[in-house]
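A, B, ... follow the sequence lines: proteins, then strands. Residue 1 opens every chain.
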Amino acid sequence: MPELPEVETIRRDLEKIITKKILIKVQVKTPILIKKPKIDEFIYKLKNILITGVTRRGKYIIIHFDTMDSLIIHLGMSGRFEYTSSNELPSKIFKKQQKHNHLFFFFKDRSRLIYNDVRKFGKIWLLEKGENLPRIENLGFEPLDEEFNFDKFYKLLVDSTKNIKQLLMDQKIIAGIGNIYANEILFNSRIHPLRKTYSLSEDEAKKIYLNIKRILVDAINLRGTTMVDESYVDLQGNTGSYGGTLNVYGKKNDTCPVCGNPLKIIRIENRSTFVCSKCQK
DNA sequence: AAAGTAACCTGCCCGC
DNA sequence: TGCGGGCAGGTTACTT
């Protein structure tokens, strides 16, 4: 499910809502999702502590506490958070899937946050002060950071033997782009996903670079992409509206919105890849 | 070393 | 109406 725009939308909402709340306790229904530390310690440490902020790295959400511990969450394919204030009932959308509620956070003001995940591909770690997680240390550029400038992007392309879609989706190179946005970035750039990165001209690279930034920003502004199954919704159960602006992703049996040519589906690293072979060279 | 495949899960859609 | 196969916003581990 969630790629950078969806994760960032959730992060921003979480930051607004839970920062400065006191976490009274957590309840774990599905211990397998907790990767670190052992479950007893996990529950023991997440008691009576203050939330000081919520950040993001790639597709990971990081909740910070006054103890200097931090909770890292990867939503996998279907992880979602549901927030309810003290007197609210769960919203309709979450009610349908209550059996997939796995983790409950109870706050001092009687509000609560639930981690829900149909497929259970999500993963959660609680790190103590100074501890780090290799998979986060190994992430590549944060694509919306200023530090990720065109020269650095172009150098990535020159140095790689991958095709451009593989590169865009490689979290160790650029963090946060998944299958939806890789498809959209390449269609909007009119570049075929199988092009070897070293074969791209500076002009072509520039188009891709600008589309990475533009499409991710646009998608955040529209609060992400919700597909029909609603495995991505925000904390209140609301859908994102970037889906309405998708050009190719998920458009099976559809035609190119630019030239009318039927879209083709190819598989790259076993992921469906939608391409207009007339427009994308 | 790169590239392919299976594994982790549940649900939905399609064709027979 | 039911059953089996394939597919889904992700990532890792294990093969070739």
Tell me the interatomic distance from [X], atom [atom1], to [N], atom [atom2], rounded to whole angstroms.
X: Leu4(A); N: dG10(C); atom1: CG; atom2: P; value: 12 Å
X: Leu33(A); N: dT11(C); atom1: CG; atom2: P; value: 16 Å
X: Lys120(A); N: dT11(C); atom1: NZ; atom2: C1'; value: 18 Å
X: Arg271(A); N: dG6(C); atom1: CZ; atom2: C1'; value: 15 Å
X: Asn138(A); N: dT11(C); atom1: CG; atom2: P; value: 13 Å
X: Met77(A); N: dT11(C); atom1: CE; atom2: P; value: 9 Å
X: Lys165(A); N: dG10(C); atom1: NZ; atom2: C1'; value: 12 Å
X: Lys59(A); N: dT11(C); atom1: NZ; atom2: C1'; value: 9 Å

Would you measure the distance from the [atom1] atom in [N] across to the matching atom in [M] and give it in whole Å?
N: dA6(B); M: dG6(C); atom1: C1'; answer: 16 Å
N: dT11(C); M: dA1(B); atom1: P; answer: 23 Å
N: dT12(C); M: dG11(B); atom1: P; answer: 25 Å

Within the structure shown, what part of the strands sits under 4.0 Å from [X] by heavy-atom distance: base, sugar-phosphate, or nothing?
X: Tyr249(A); answer: sugar-phosphate
X: Gln171(A); answer: sugar-phosphate
X: Lys252(A); answer: nothing
X: Asp229(A); answer: base
X: Ser272(A); answer: sugar-phosphate

Strand partner of dT12(C), provided both Watson-Crick or wobble distances fall under 3.5 Å: dA6(B)
Nearest-nucleotide comparison on DNA chain B, the residue closer to the 5′ end among Phe121(A) and Gln166(A): Gln166(A)
First encountered from the 5' end of DNA chain B, between Ile32(A) and Glu269(A): Glu269(A)
Audit row: Arg267(A), Ser272(A), side chain to side chain donor-acceptor pair (under 3.5 Å) steps and yes/no: CA-CA 5 Å; Arg267(A) 289 196 81 80; Ser272(A) 287; 3.0 Å; yes
For [X] and [Y], which I'm curious about, is there any donor-acceptor pair between the side chains at under 3.5 Å?
X: Asn211(A); Y: Arg214(A); answer: yes
X: Lys45(A); Y: Thr67(A); answer: no
X: Asp203(A); Y: Ser201(A); answer: no
X: Thr273(A); Y: Lys165(A); answer: yes

Shared hydrophobic cluster, Leu186(A) / Ile266(A) (ILVMFWY, side-chain heavy atoms < 4.5 Å): no
ILVMFWY network linking Met77(A) to Met169(A), side-chain heavy atoms under 4.5 angstrom: no
Any His74(A) side-chain N or O less than 4.0 Å from OP1/OP2 of dT11(C): yes
Phosphate OP1/OP2 of dC7(C) contacted by Arg119(A) side-chain N/O (<4.0 Å): no
Between Tyr209(A) and Phe148(A), ring centroids under 6.0 Å: yes
Tyr242(A)-Tyr181(A) aromatic ring centre distance below 6.0 Å: yes
Covered region of DNA chain B, 5' end to 3' end, by chain A [heavy atoms, under 4.0 Å]: dC8(B) to dG11(B)
Parallel, tilted or perpendicular: ring planes of Tyr60(A) versus Trp125(A), cut at 30 and 60 degrees: tilted
Sequence neighbours excluded, every pair satisfying ring pair (Phe, Tyr, Trp, His ring centres under 6.0 Å) that has a member inside residues 90-123 of chain A: Phe81(A)-Tyr115(A)
Identify all pairs in which a protein N or O lies below 3.5 Å from an N or O of nucleotides 12-16 of chain C, and state each distance.
residue : atom : partner   : partner atom : Å
dT12(C) : OP1  : Arg135(A) : NH1          : 3.3

